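Contents: one structure, followed by commentary.
Computed from heavy atoms alone, side chains included, the values below leave out hydrogens, waters and symmetry copies. Since we're looking at a predicted model, the values are computed, not measured. Just so we're on the same page: letters track the sequence lines, and every chain starts at 1.
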Amino acid sequence: MSFTPLPQRIEAILRRAIAQAQSSGALPPVPDDQELEIPIKPAKQSHYASAVAMASARLFKAKPLDIATTIGEHLPENELIGKVEVAPPGFINIWLAEAWIQQQVEVIIAAGADVFSLDIGGEQRVIVEFVSANPTGPLHVGRSRGAVVGDAAARLLEACGWQVHREYYFNNGGRQMEMLGRSIQARYLQALGEPADLPDDGYKGEYHVELGNTLAQEVGDAWRDKDWTAFKQYAEEIVFKNISATLARIGISFDQFFNELDLYDSGAVKETLKALGKAGYTYDAVTWKGASEEEIIKAKRQGTEAATWFRSSQLGDSQDRVIVRSNGDPTYVLPDIAYHVNKLERGFARAINVLGSDHFTESQVVKYGLAALGYDAERVDVILHQLVHLMRGGTRIGMSTRKGEIITLDEVMDETGPDAIRYFLLSRSTDNDISFDLDLAVKQSNENPVFYIQNAHVRCAGILRQLDERGYDPDWDRNADISLLGEEERSFVLKMLEMPEQLQMAYENLAPHQIAFWTLDLARAFHPMYERVRVLHSDVPDDVGKARLRLYRAAQIVFRRALTLMGMTAPDEM
RNA sequence: GCCCCCAUAGCUCAGAGGUCAGAGCAGCGGUCUUCUAAACCGUCGGUCGGGAGUUCGAAUCUCUCUGGGGGCACCA
């Protein structure tokens with residue numbers, strides 16, 4: 001069952017009113033080259049409001065107040081709008097019909113778990129790539145923002161009618177992985193009591209020491225003469241399991257882990273290089289064409305051989321990028337482009353990448369690469385989130401897997417629980433960076449609004465539990481007369497009915513945090529009502545109680561829907 | 001130097017060009033005899049960083065200045 005956001009439905013009615021006013025001569029026709037926009041927004045002084053009269057004053061060559069009045073007079077018959085008032089300088093204030101609002105309680109109950117789904121995607125396929133952390137160590141808190149945001153974006157897309165494929169780009173090629181292999185090799189040899197030095201850029205963390213120790217216990221000295229690739233393989237497997245377990249714990253699963261190495265094995269990387277060359281976008285040189293004298297001198301001093309460059313500057317980049325190093329190894333750029341070609345060739349209508357802002361340039365270059373190869377780079381959207389700054393007691397601490405400065409997501413979840421960390425990371429605009437003070441983590445988790453939201457669900461469940469405990473018929477409210485719902489209940493229903501438009505807005509902005517805020521808003525509307533609007537109370541007549549129980553059933557469905565969309569649990573008891 | 005993001009209440013943050021700028025926390029004062037108080041009610045708190053522009057209308061769009069964060073590797 002799919003819903004249409006209320007503003008769209010109201011807009012359609014106003015459009016018909018305008019058309020009727022035009023055919024009766026009360027408003028002039030709109031010139032063919034012009035388009036009439038009809039904005040509808042939730043308002044404080046009414047349920048919804050439209051500023052269409054102000055926006056169209058020039059178009060209709062009339063005063064906004066007159067236009068608004070005319071539109072109001074030509075409203076077609078409909079069950080949705082109950083009352084319309086015009087307010088200076090020309091707002092059309094709209095109240096929905098009480099009876100219609102009340103009926104929506106039954107609509108929500110009938111829709112059930114998938115309530116308020118939209119049909120924007122038309123079941124097209126979309127790939128959402130997120131996390132994609134190098135498998136060099138456990139998932140740290142900084143990375144978890146992308147995980148939470150990415151998963152919420154995927155759930156949002158599903159609610160908007162897309163078929164979502166969740167993918168983790170597994171960066172198991174490249175220099176970092178070699179470094180991991182060599183580091184574990186060194187730790188292993190050290191565990192055997194042999195002298196071995198960690199590489200200069202090696203992984204210094206306690207986690208990697210333990211990996212070496214564990215391996216030594218498992219295989220004894222049998223691996224003494226193996227080269228780094230075996231150690232890399234071993235570490236990669238363990239780290240992969242570790243990351244998967246962490247993600248599972250916070251409720252994230254992937255349809256596919258896409259191995260970077262497969263792009264090499266399949267020849268895709270070479271093909272991409274060839275295709276870029278064929279399109280005239282590569283050249284071999286020591287520095288990029290357009291490099292400053294400073295850069296040229298520096299390159300000469302280093303005695304660098306020629307590398308292969310991607311002429312991205314021709315597509316708007318500030319400079320060209322190396323895609324094959326002078327030693328013959330591709331940089332990350334080339335497999336990245338190959339990967340995105342692969343995504344689009346797999347038939348996804350859209351590709352959405354969730355990245356930290358430190359990967360901004362990378363995402364740009366990938367788009368230039370796709371454009372160079374004749375693909376529509378617009379099919380790729382990037383959700384770029386600012387970074388999470390780890391703090392301890394008010395001072396910032398570093399976060400580097402290589403240096404072993406790591407606060408893992410698991411450690412934080414041990415303290416706060418998955419739901420609290422999810423909400424904390426989700427409830428901020430991706431444009432803002434987040435300060436995460438570990439010393440305040442527990443305190444913050446107690447103040448975390450997620451409990452306030454979950455408690456709304458708990459309270460709904462509590463009423464149903466009482467019903468059972470007091471021996472009521474579970475279908476007690478079967479034929480409730482919902483017209484007995486009062487003003488306060490109706491305004492809460494109205495709040496629930498905002499969900500489709502909230503989903504649409506969050507979808508259009510690719511901004512899952514808006515759902516987090518709206519859900520909190522809904523909880524703020526819920527709790528005060530709950531205090532006053534009782535169901536099983538001696539003061540409440542049975543027929544009113546039944547109507548109210550319908551309302552709380554609907555509320556429970558909507559809270560569960562919203563919590564699930566954010567990847568959180570909807571508990572029956574706190 | 002170039003690119004991206006940010007600046008809104010004491011703090012953390014929302015804010016879809018529209019009617020008087022909103023929450024939570026903190027502060028102050030209240031509320032548990034009926035579905036668990038992780039709750040409710042009241043109150044205090046603002047030159048929306050500065051300046052110019054576009055518009056009937058700007059926290060929101062443009063430019064500029066200031067102050068922060070991130071990026072601009074033959075790392076990913």
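- For A/Y423, there are no ring-ring contact (aromatic ring centres under 6.0 Å, His included) partners two or more places apart in sequence or in a different chain.
- For A/K41 and A/Y48, the positive end is not near the middle of the six-membered ring at less than 6.0 Å and at most 45° from its axis.
- In this structure, CD of A/Q364 is placed 12 Å from P of B/rC3, rounded to the nearest angstrom.
- For residues 511-518 of chain A, proximity to RNA chain B is found at A/H513, A/Q514, A/F517, defined as any non-hydrogen atom under 4.0 angstrom from a strand atom.
- Residue A/Y452 places no side-chain N or O under 4.0 Å from the OP1 or OP2 atom of B/rA37.
- The residue A/A57 sits apart from the nucleic acid: no heavy atom pair falls under 4.0 Å.
- The side chain of A/E260 approaches B/rA76 more closely than any other nucleotide in the set B/rU36, B/rA76, B/rU19.
- For the salt bridge (Lys or Arg N to Asp or Glu O under 4.0 Å) test, residues two or more places apart in sequence or in another chain that qualify with A/R553 are A/D477.
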Anything under 3.5 Å between a protein N or O and an N or O of nucleotides 26-29 of chain B, put it in a table, one pair a line.
none

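- Phosphate proximity of B/rC13 to A/R428: present, with a side-chain N or O under 4.0 Å from OP1 or OP2.
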Dump the pairs, protein N or O against N or O of nucleotides 54-59 of chain B, anything under 3.5 Å, distances to one decimal.
unit_1: B/rC56; atom_1: OP1; unit_2: A/R58; atom_2: NH2; d: 2.2

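- Straight-line distance from the CG atom of A/L510 to the P atom of B/rA16: 16 Å, rounded to whole Å.
- Every residue two or more places apart in sequence or in another chain that forms a side chain to side chain contact (heavy atoms under 4.5 Å, CB included) with A/Q502 is listed here: A/E498, A/M505, A/W518.
- Under the rule for a ring-ring contact (aromatic ring centres under 6.0 Å, His included), the partners of A/F258 that lie at least two apart in sequence or sit in another chain are A/Y339.
- Contact check, A/K44 against B/rA21: no side-chain N or O comes under 4.0 Å of OP1 or OP2.
- For A/D542 and A/K546, the salt-bridge test fails: no basic side-chain N is under 4.0 Å from an acidic carboxylate O.
- For A/N455, the side-chain atoms get nearest to B/rA38 when compared with the rest of B/rA38, B/rU36, B/rC40.
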Table of protein N/O atoms under 3.5 Å from nucleotides 63-74 of chain B N/O atoms:
unit_1: B/rG69; atom_1: O2'; unit_2: A/H389; atom_2: NE2; d: 3.4
unit_1: B/rG70; atom_1: OP1; unit_2: A/R396; atom_2: NH2; d: 3.2
unit_1: B/rG71; atom_1: O2'; unit_2: A/T361; atom_2: OG1; d: 2.7
unit_1: B/rC72; atom_1: O2'; unit_2: A/Q319; atom_2: NE2; d: 3.1
unit_1: B/rC74; atom_1: O3'; unit_2: A/R325; atom_2: NE; d: 3.1
unit_1: B/rC74; atom_1: O2; unit_2: A/S326; atom_2: N; d: 2.9
unit_1: B/rC74; atom_1: O2; unit_2: A/S326; atom_2: OG; d: 2.9
unit_1: B/rC74; atom_1: N3; unit_2: A/S326; atom_2: OG; d: 3.0
unit_1: B/rC74; atom_1: N4; unit_2: A/V286; atom_2: O; d: 3.4
unit_1: B/rC74; atom_1: N4; unit_2: A/E305; atom_2: O; d: 2.9

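- Helical stems in RNA chain B, defined as runs of 3 or more consecutive Watson-Crick or G-U wobble pairs with both donor-acceptor distances under 3.5 Å, are listed by first residue as B:1-7 with B:66-72, B:10-13 with B:22-25, B:27-31 with B:39-43, B:49-53 with B:61-65.
- The ring-ring contact (aromatic ring centres under 6.0 Å, His included) test applied to A/H537 returns no partner, not counting sequence neighbours.
- The interatomic distance linking A/Y423 (OH) with B/rC13 (C1') rounds to 11 Å, in whole Å.
- Among residues two or more places apart in sequence or in another chain, the side chain to side chain contact (heavy atoms under 4.5 Å, CB included) test is passed with A/E11 by A/R15, A/I38, A/I40.
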Using nucleotides 31-35 of chain B, report all nitrogen or oxygen pairs with the protein that are shorter than 3.5 Å.
unit_1: B/rU34; atom_1: N3; unit_2: A/S538; atom_2: OG; d: 2.8
unit_1: B/rU34; atom_1: O4; unit_2: A/S538; atom_2: OG; d: 2.9
unit_1: B/rC35; atom_1: O2'; unit_2: A/G462; atom_2: O; d: 3.2
unit_1: B/rC35; atom_1: O2'; unit_2: A/I463; atom_2: N; d: 3.4
unit_1: B/rC35; atom_1: N3; unit_2: A/V535; atom_2: N; d: 3.2
unit_1: B/rC35; atom_1: N4; unit_2: A/Y530; atom_2: O; d: 3.0
unit_1: B/rC35; atom_1: N4; unit_2: A/V533; atom_2: O; d: 3.0
unit_1: B/rC35; atom_1: N4; unit_2: A/R534; atom_2: NE; d: 3.2

